[in-house]
Amino acid sequence: MDINPHPLQASNNEDENLLTLSLSTPSPSAPPPSSSSSSLEPPTSSPMGQQQTIQLCIPIPQAPPLPYYRNHQVQTPTGFNAIDNNTVSGEIVNHSRPSRSRRNPFQAPRQGRSETIPPPFPWATNRRATVHTLDYLVSHNLTSIDGDVQCKKCDKVCKVEYDLQEKFKEIGDFIKENKFALHDRAPSEWTAPTLPNCETCGSTLKPVLKKKRDINWLFLLLGKMLGCCKLSELKYFCKHTKNHRTGAKDRVLYLTYMGLCKQLDPNGPYDV
């Protein structure tokens, strides 16, 4: 059986072309075709047999036409030579969109608010979330730091005092020994601090937290109660002390501890 292709024939439908194949059955007595004859020659009839031709029409799929946009304009990229598009000119490419400056993560106070405030405590400075150095406090005989706490059960409010040098030495020694093991994360004793007990009912006492600008940061540091602050309050401290304030609470809490220790001892190992 020979398969002889014929030229493509266009159909009435303009979207597709048809490929016509001719199948012929030669006579049994017909001699085999010679190797010199081309396979594209049309079939010849034989006196002993009758030629049978079957035509098959196979559609050839065509790619859909590209969409046409009436207002489309071809734009030449800036920086290419108009004479030869294969070469790039040495001029600097000027982008049409203006460059956008990177947002500063250390934001200044909103309009109408100042960085300086009246010192809420004798050991605090006139800057938000900032305390005096240890040398300044000792030289001014400010070695006893107190703060207000409230019972969680009976709501009784009382004062608790901490020795400045003793408590700060305890925290400083802990940081020196475990700084590299903390991996910039607050340990469990900072995130879930051990609170003092109420003398009246025996329940635990929590620190009294007022407005953010009036938080007793040094008292919370010495009592290891910074973990009682909300995440927004810790971010407030990091914002006004130029510290990175994004991340989980244990990360921001760690930065708060290190920032307060850095304020007390600027030359200590409290860099982050």
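Since we're looking at a predicted model, the values are computed, not measured. FYI, side chains are in, hydrogens and waters are out, and symmetry mates aren't considered; it's all heavy atoms of this structure.
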Report summary line: Residue pairs meeting side-chain hydrogen bond (donor to acceptor under 3.5 Å, both in side chains), one or both in residues 210-223, sequence neighbours left out, come to Trp123-Asn216
**Report entry** Qualifying side-chain hydrogen bond (donor to acceptor under 3.5 Å, both in side chains) pairs, either residue in residues 193-208, two or more places apart
**Finding:** Lys156-Thr200
**Report entry** Residue pairs fulfilling ring pair (Phe, Tyr, Trp, His ring centres under 6.0 Å) with at least one residue in residues 143-173, sequence neighbours excluded
**Finding:** Tyr162-Phe219
Query - All pairs passing ring pair (Phe, Tyr, Trp, His ring centres under 6.0 Å) where residues 135-159 contributes a residue, at least two apart - result: His132-Tyr136, Tyr136-His140
So how far is it from [X] [atom1] to [Y] [atom2], rounded to the nearest 0.5 Å?
{"X": "Gln165", "Y": "Lys167", "atom1": "CD", "atom2": "NZ", "value": "14.0 Å"}
{"X": "Asn141", "Y": "Leu164", "atom1": "CG", "atom2": "CG", "value": "11.0 Å"}
{"X": "Lys153", "Y": "Leu205", "atom1": "NZ", "atom2": "CG", "value": "13.0 Å"}
{"X": "Tyr270", "Y": "Leu264", "atom1": "OH", "atom2": "CG", "value": "8.5 Å"}

Query raised in the report: With sequence neighbours left out, what residues match Asp173 under salt bridge (charged side-chain N to carboxylate O under 4.0 Å, His left out)?
Result: Lys169
Output side-chain donor-acceptor pairs under 3.5 Å for residues 224-237, partner residues at least two apart or in another chain, one line each.
residue : atom : partner : partner atom : Å
Lys224  : NZ   : Glu170  : OE2          : 3.0
Glu233  : OE1  : Lys230  : N            : 2.9
Tyr236  : OH   : Arg128  : NH1          : 3.3

Query raised in the report: Is the backbone N or O of Val131 less than 3.5 Å from a side-chain atom of Gln263, with the two atoms forming a donor-acceptor pair by type?
Result: yes
Report task. Using modelled atom types only, decide if a donor and an acceptor are shared between the side chain of Thr130 and the backbone of Asn126 within a distance under 3.5 Å. Result -> no
Report task. Grab the two heavy atoms, one from Val149 and one from Pro207, that are nearest each other, plus how far apart they are. Result -> CG1-CA, 4.1 Å
Query raised in the report: What is the minimum heavy-atom distance between Gly247 and Val252, and which atoms define it?
Result: O-CG2, 4.1 Å
Query raised in the report: Are Val138 and Leu221 in one and the same hydrophobic cluster, where Ile, Leu, Val, Met, Phe, Trp and Tyr link if side-chain heavy atoms are under 4.5 Å apart?
Result: yes
Report task. Say whether Leu220 and Ile117 are linked into one hydrophobic cluster, either directly or through other cluster members, by side-chain heavy-atom distances under 4.5 angstrom. Result -> no
Requested in this report: Sequence neighbours left out, what passes side chain to side chain donor-acceptor pair (under 3.5 Å) with Thr125? Give chain and number order.
Outcome: none
Query - Contacts of type side chain to side chain donor-acceptor pair (under 3.5 Å), residue Thr241, not counting sequence neighbours - result: Asn243
Query raised in the report: Taking it one step at a time, do Leu137 and Leu218 satisfy side chain to side chain contact (heavy atoms under 4.5 Å, CB included)?
Result: CA-CA 11 Å; Leu137 296 176; Leu218 184 56; 3.9 Å; yes
Distance-only donor-acceptor pairs under 3.5 Å for side chains of residues 174-192, two or more places apart:
residue : atom : partner : partner atom : Å
Asn178  : ND2  : Phe174  : O            : 2.9
Lys179  : NZ   : Pro269  : O            : 3.2
Lys179  : NZ   : Asp271  : O            : 2.9
Thr191  : OG1  : Pro187  : O            : 3.4
Thr191  : OG1  : Ser188  : O            : 3.2

Requested in this report: Can you run down the salt bridge (Lys or Arg N to Asp or Glu O under 4.0 Å) pairs that involve residues 130-152, sequence neighbours left out, and say none if there aren't any?
Outcome: Asp146-Lys159, Asp148-Lys159
